[in-house]
Amino acid sequence: PENTAVVTGYPRYDKLYNVKDSQKEILFMPTWRNWIKTEHLNIEETNYFKNITNLITNSELNDFLDKKNIKFNIYIHQLMQNYLKNFDSIKLSKNVKILPIDAEITQELRGADLLITDYSSVAYDFYYLNKPIIFFQFDKDEYDRKVGSYVKNKDLFGIQVKNVEKCVENVIKISENNFNYDKNLKEKFEKLQPKFLKYTDKKNCDRVYTEIIKHLKNK
């Protein structure tokens, strides 16, 4: 029933704020693929593994990162961490790093200037911070069929790409534009924001607390 849910905003968003750092950072956070485990697939033969590794070893991207001294951090979803050893054989450039499982994600989000994800809800955290997002959805049809996505294409609040080349192209374009979308995209995504984020006032914890107290008093 409609009245059983109260919109307060996520308490964790109260910890989100932008951190200014002289060195720019890109954060890549692909979400999990449950079917890799349930279908007993060899991860190294999956589109998931191939697209992640092809992106982080892309020569054009790595040359750009080195030239501009931009850090590129990857956090593999916690539910995929059992496969982390499979990435050990991948040779990474000096500016690319796979983060450990205990990395402080809130801190990474605050410090990053650009987020690359696919279908992860972490995109909302970054949207809250008004920073650019690339949705690298290389397996869109398969993911929609097996899992389903949070957001329809028409409401996507970032740039959608479906292959490594387009992802790299947009990483470079956004980075060279001082980590901003072009004007038209920026305006489009700003207009969409109220549809997904009712509050941006750092008072989400207060609202949750108030609702708990109200509920206890009514008991």
Side-chain angles (χ1 to χ4, degrees), residues 13 16-31 51-77 92-99 103 105-140 143 149-197 200:
Y13 286 3
L16 290 174
Y17 53 86
N18 289 314
V19 174
K20 291 185 178 180
D21 196 327
S22 56
Q23 184 170 27
K24 297 299 183 181
E25 296 185 15
I26 296 169
L27 179 61
F28 178 26
M29 289 186 64
T31 194
N51 276 277
I52 290 175
T53 55
N54 286 345
L55 176 62
I56 64 181
T57 60
N58 180 272
S59 59
E60 183 181 4
L61 175 64
N62 280 287
D63 288 346
F64 178 77
L65 296 174
D66 290 345
K67 180 181 176 182
K68 299 292 185 179
N69 192 28
I70 298 171
K71 291 172 63 177
F72 190 103
N73 295 325
I74 309 108
Y75 185 78
I76 304 298
H77 194 281
L92 303 176
S93 78
K94 64 177 183 179
N95 282 17
V96 178
K97 179 182 178 183
I98 296 179
L99 299 173
I105 298 305
T106 298
Q107 183 176 324
E108 296 297 331
L109 290 168
R110 289 194 299 238
D113 299 279
L114 167 64
L115 174 70
I116 304 171
T117 187
D118 39 30
Y119 318 97
S120 174
S121 61
V122 75
Y124 292 97
D125 299 58
F126 219 69
Y127 195 29
Y128 180 90
L129 290 168
N130 287 313
K131 295 194 283 191
I133 304 163
I134 295 174
F135 290 95
F136 182 28
Q137 299 179 338
F138 50 82
D139 57 355
K140 182 79 165 67
Y143 194 90
S149 186
Y150 290 107
V151 184
K152 296 178 181 178
N153 279 355
K154 68 181 180 65
D155 289 332
L156 210 60
F157 44 85
I159 297 173
Q160 182 189 54
V161 298
K162 294 185 178 180
N163 58 59
V164 169
E165 291 72 26
K166 281 292 181 184
C167 189
V168 171
E169 178 185 318
N170 280 279
V171 166
I172 293 173
K173 184 177 179 181
I174 291 171
S175 302
E176 290 189 328
N177 193 35
N178 197 27
F179 288 90
N180 283 302
Y181 301 115
D182 64 40
K183 184 181 178 182
N184 290 338
L185 281 181
K186 187 175 177 64
E187 290 176 354
K188 175 185 175 182
F189 299 144
E190 284 176 349
K191 287 178 181 177
L192 265 178
Q193 197 177 59
K195 182 172 183 176
F196 299 104
L197 300 168
T200 55

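None of Val171, Asn170, Thr117, Val164 except one satisfies the side-chain contact (heavy atoms from CB on, under 4.5 Å) rule with Phe136; the exception is Val164.
The structure places CG of Asn180 at 9.0 Å from CD1 of Ile174, a figure rounded to the nearest 0.5 Å. To the nearest 0.5 angstrom, Leu197 atom CG is 8.5 Å from Tyr124 atom OH. To the nearest 0.5 Å, atom CG of residue Asp66 and atom CD1 of residue Ile70 are 10.0 Å apart. Remark: Leu109 CG to Tyr13 OH distance equals 9.5 Å, nearest 0.5 Å. Atom-to-atom distance recorded for Glu169:CD and Asn163:CG is 9.0 Å, nearest 0.5 angstrom.
Lys131 is linked by a salt bridge (charged side-chain N to carboxylate O under 4.0 Å, His left out) to nothing, counting only residues two or more places apart in sequence or in another chain. Listed by chain and residue number, Asp144 satisfy the salt bridge (charged side-chain N to carboxylate O under 4.0 Å, His left out) test with Lys140 (two or more places apart in sequence, or in another chain). For Asp155, the side-chain contact (heavy atoms from CB on, under 4.5 Å) partners are Val151, Leu192, Lys195, Phe196, not counting sequence neighbours.
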Query raised in the report: Taking it one step at a time, do Lys97 and Leu92 satisfy side-chain contact (heavy atoms from CB on, under 4.5 Å)?
Result: CA-CA 7 Å; Lys97 179 182 178 183; Leu92 303 176; 5.9 Å; no
Report task. Go through Ile133 and Tyr181 one step at a time and tell me if the side-chain contact (heavy atoms from CB on, under 4.5 Å) criterion holds. Result -> CA-CA 9 Å; Ile133 304 163; Tyr181 301 115; 3.9 Å; yes
Report task. Applying side-chain contact (heavy atoms from CB on, under 4.5 Å), run through Asp139 and Tyr119 and close with a yes or a no. Result -> CA-CA 10 Å; Asp139 57 355; Tyr119 318 97; 2.7 Å; yes
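Checked by atom type and distance alone, the side chain of Tyr127 pairs as donor or acceptor with a backbone atom of Gln193 at under 3.5 Å. No donor-acceptor pair under 3.5 Å is formed between the side chain of Asn95 and the backbone N or O of Phe72.
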Give the table of side-chain donor-acceptor pairs shorter than 3.5 Å for residues 184-191, with sequence neighbours excluded, one pair per line with atom names and distance.
none

Side-chain donor/acceptor pairs under 3.5 Å, residues 55-62, sequence neighbours excluded:
{"residue": "Thr57", "atom": "OG1", "partner": "Thr53", "partner atom": "O", "Å": "2.6"}
{"residue": "Asn58", "atom": "OD1", "partner": "Glu60", "partner atom": "N", "Å": "3.1"}
{"residue": "Asn58", "atom": "OD1", "partner": "Leu61", "partner atom": "N", "Å": "2.9"}
{"residue": "Asn62", "atom": "OD1", "partner": "Ser93", "partner atom": "OG", "Å": "2.6"}
{"residue": "Asn62", "atom": "ND2", "partner": "Ile56", "partner atom": "O", "Å": "3.1"}
{"residue": "Asn62", "atom": "ND2", "partner": "Asn58", "partner atom": "O", "Å": "2.8"}

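Residue pairs meeting the salt bridge (charged side-chain N to carboxylate O under 4.0 Å, His left out) criterion with at least one partner in residues 107-125, sequence neighbours excluded, are Arg12-Asp125, Lys24-Asp113, Arg33-Asp118.
Between Leu115 and Ala123, the shortest heavy-atom distance links the atoms CD2-CA, 3.9 Å. Residue Ser175 comes nearest to Phe179 through the heavy atom pair OG-CE2, 3.5 Å, listed as atom of the first residue, atom of the second, then distance. Of all heavy-atom pairs between Pro30 and Ile74, the closest is CD-CG2, 4.5 Å. Closest approach of Met29 and Ser120 over heavy atoms only: O-CB, 4.2 Å.
Under the 4.5 Å side-chain criterion, counting only non-hydrogen atoms from C-beta, Leu27 is not in contact with Phe126.
Taking the six-membered ring for Trp and the full ring otherwise, the centers of Phe135 and Phe157 sit less than 6.0 Å from each other.
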